[in-house]
Amino acid sequence: MRHLLSAADLSRAEAIEILDTAATMAATQSREIKKLPALRGRAVVNLFFEDSTRTRISFEAAAKRLSADVINFSAKGSSVSKGESLKDTAQTLQAMGADAVVIRHDASGAPQRLATSGWIDAPVINAGDGKHQHPTQALLDAYTIRRHLVADRTGAGLDGLRVAVVGDVLHSRVARSNVDLLHTLGAEVTLVAPPTLVPVGVETWPCQVCYDLDATLDEHTPDAVMMLRVQRERMSAAGGGFFPSAAEYSRRYGLDAARLSRLAEHTIVMHPGPMNRGLEISAQAADSPRSTVVEQVANGVAVRMAVLYLLLAGTDEGTHP
Amino acid sequence: MNSGAQPTVVLSGDDIHRALTRIAHEILERNKGAADVLLLGIPTRGVPLAARLGTRILAAEGRPDSDLDQLVGTIDVTMYRDDLRRNPTRALEPTRIPASGLQEKVVVLVDDVLYSGRTVRAALDAVSEIGRPRAVQLAVLVDRGHRELPIRADFIGKNLPTSREERVSVQLTELDGTDAVVLS
Amino acid sequence: MTAYLIQGARLYGEERADLLLTDGRIAATGSEAADAAPVGTVRIDADGLVALPGLVDLHTHLREPGREDAETVASGTRAAAAGGFTCVHAMANTTPTADTAGVVEQVWRLGQDAGWAEVRPIGAVTVGRAGTQLAELGAMADSAAAVRVFSDDGDCVHDPVLMRRALEYVKAFDGVVAQHAQEPRLTEGALMHEGVVSAELGLTGWPAVAEEAIIARDVLLAEHVGSRVHICHVSTAGSVEIIRWAKQRGIQVTAEVTPHHLVLTDEQVRGYDPQFKVNPPLRTAEDVAALRAALADGTIDIVATDHAPHPREAKDCEFAAAAMGMTGLETAVGVVAAAMIAPGEHAFTWADVARTLSTVPARIGRVPHQGRPLAPGEPAHVTLIDPERSWRVHPEDLHTASENTPFTDRELPAQVVATFFRGVATVLDGDVRNDREGAPA
């Protein structure tokens, strides 16, 4: 593993290695001194072309807890808006001695371009690209599911667990990454969304697709329900007119108190944040004991520490002894 | 003594058994009992060695049924190594500290072979970030010399003069199916 | 001027014959050619080569005026000559737009001056290609450029009333509207073919229906007003079905396919390499198969390159930010040979290459002296192709001013060896001749 560009690139063994390493990292985070020296003297650049304070500070915390130096580079707009091109930015970072680049970009595939175009030598970590992938989000989700629902965790996958991913699949890199990774780890994924928010071509994805949330909850009896953020602007004609109104979306696809009460005892409720309370998730669901929303944030730091460690701590020759 | 070509068994299973028993008693003697002692095994082979020492200490103190996990832990030093960047990334091993913590304890680090001293240096860093023990001591099954840092062991199973070209391989039943120290 | 005796070429890939070119004409063919050769005739050993009438491209972006950093009329027509073309139709999406007699005459004159190939400007259908008001089509038709093909290519004439008016209006001078079939609302933000690959890559999709819906509408409009209509760069199997139906119904519709849509698919986009970003987008393997079959059976009339040069920085970036388009003049013959002749599925011959890359495009564009038979008295536009000489595409070896070919490092099975334009060798022995007779100083 030289870069982390897509959850689809991870083998089962690699994914489990990351989850196990994350567990070790998480254990160190209850210490008084949370900082580990593994990446001392290394420079990690957070290259963010899209605003995302949460993801940026999560990567920043992860890098700093491994003693790396962190350089935050917020580029307001890419070459699309005739600013500096991605290529020039990459070469600038290279010249500054970046040892790794964590990139968030609104263009799908931008991290892959960065990693494969020859503009830069450093490992590239995809922190979310357009509608494509957000692999560390999928890893932290898998980590969270494993922590709650798998008894003998170390070395284990998510075999046989049922996960429902509900919401705007079409525009969601979180959904794509989770379908790939959860499938690799042995879980059964069902996507639940209005047909307008499911991409044409979804039929080859390793998952089920259902348009009816109630049917999914009753018949599929998921062990984890992952609610995706739905942007209100998508309902306007200018935004694509994907659904008629927030109220109708919420009625048909929101996790409200009634649906919450029908979940199995052990079922967890997940959300990548930020939440639209009252739209895709009710306050009751968000604040219930089965909600892992806050824990996902903490797990995100551990997972990103694991990814940074595995990509950066050793030499380029390989990640496996 | 050894040409390097032919593997030689320098410690048999019985030798290892006796050495560990002796070290266990030395630890008790030095620290006037085991009340404040914590044994921390350094992965990989320091972990079963620490467990064996712990079992012997509890037996010697006449409390064989006490909880071994209160006396023995493991400490992974991977992230503290100074050669981290020069090798492929190593998988991390778990660190487990007994519930009492390290504060004001006597920590005995346990490893199989003492060589350059760099692993022990990393372990000292790791310990200091977890807590502040009253003292840190070092127990090793084999000291093969060639130190690169000012580090010495407090408890040694066997001093084994070697050349740098030679390889010392410690085999333990828990991991390797047999007990032996082999020089090749 | 120099006379050329082309000896032993296979005319249209069929029987061997000699061709004598003197004073810009084919003076004689067959056994009489050698006897008729004047003193000083240059003899060309064309044993094993295929002779075709000079190729005619109905869809070329020469970029001048406005984007001379990507291509000029001179550099583009030089690339055309290297690709075996003796005539190109210069698309109207320049800056300023080719929507007046002045601009089309300027482009035409630049072509005349360069002397590599005949440049036939295409006029914009609407002012500024903005899709709101008809441009002065008659003035462009009456200008020195004698425009007969009109297109807003790059954008669709999507207003049905405006399209109807354009179809009707050009009948007065036997013109044709070449439609870029793309329903704009269905393709907002579109980056690649909508399907399995776009779903995976998270790139906004360009659905096949956005092309097919416009073609269906326009063939019905053409039928209703009794006009001819030409469909640019057909890319989907569904479009083929609609055109086939329209032709059976007697509608005057013609259609083109690009070389790249005959060989490349959306799978190529998986690496997010902008060299594979093009409009209309690369489609699926099923579409490619349908397009090949349609070209072979005549449902699609011609191959047109949609040669679309872009400066390096327009492709050296993330996929979403990249410009759409690929160069194609110099790879067209090789790619068509690879797609249509080499596989042997469609009994496609070099005579079919002549039909689809010369005769019929000249007829659609109403170009009087191009796409003519290889016969005595005809203009001396001749292309010689070595059907056995395979070559590997290296962008730096091509003559276009831009590097954006999707065929880098691809092996192509046939190569243009010589091109004669009005009897002058613009390419000889595979080399473009900057020092040819009549070349500008």
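Every chain is numbered from 1 and lettered A, B, ... according to where its sequence line falls, protein lines coming before strand lines.
Screening residues 149-161 of chain A for salt bridge (charged side-chain N to carboxylate O under 4.0 Å, His left out) gives A:R12-A:D159 as the qualifying pairs, with residues at least two apart or on separate chains.
Contacts of residues 117-130 of chain B with chain A at a heavy-atom distance below 4.5 Å involve B:S128, B:E129, B:I130, listed in sequence order. Close approach to chain A, defined as a heavy atom under 4.5 Å from one of its heavy atoms, is seen in B:T78, B:M79, B:Y80 of residues 73-81 of chain B, taken by number.
Ring-plane geometry between B:H146 and B:Y115 is classed as perpendicular, the angle between the planes exceeding 60 degrees on a 0 to 90 degree scale with a lower cut at 30.
Contact tally against chain B (heavy-atom pairs below 4.5 Å) for A:L36, A:D20, A:L39, A:T28: the top residue is A:L36.
Remark: A:R42 does not engage A:D69 in a salt bridge, criterion side-chain N to carboxylate O under 4.0 Å. Electrostatic pairing of B:R30 and B:D154 counts as a salt bridge here, judged by a charged N lying under 4.0 Å from a carboxylate O. Remark: B:D179 engages B:R52 in a salt bridge, criterion side-chain N to carboxylate O under 4.0 Å. Between B:R164 and B:E148 there is a salt bridge, since a side-chain N of the basic residue sits under 4.0 Å from a carboxylate O of the acidic one. Ion pairing of B:D143 with B:R147 is present here, as a side-chain N (NZ or NE/NH1/NH2) and a carboxylate O approach within less than 4.0 Å. Comment: B:D83 does not engage B:R86 in a salt bridge, judged by the lack of any side-chain N to carboxylate O separation of less than 4.0 angstrom.
The residue from B:V140, B:L38, B:L40 that alone fulfils the side chain to side chain contact (heavy atoms under 4.5 Å, CB included) condition with B:L109 is B:L40.
Looking at A:K34, there are no atoms closer than 4.5 Å to chain B (heavy atoms on both sides), in backbone or side chain. Proximity to chain B is absent for every atom of A:A27, based on heavy atoms less than 4.5 angstrom apart.
Partners of B:R63 by side chain to side chain contact (heavy atoms under 4.5 Å, CB included), not counting sequence neighbours, listed by chain and number: B:A34, B:L58, B:E61, B:S66.
The distance from atom CG of B:L141 to atom CG of B:L20, rounded to the nearest 0.5 Å, is 6.0 Å.
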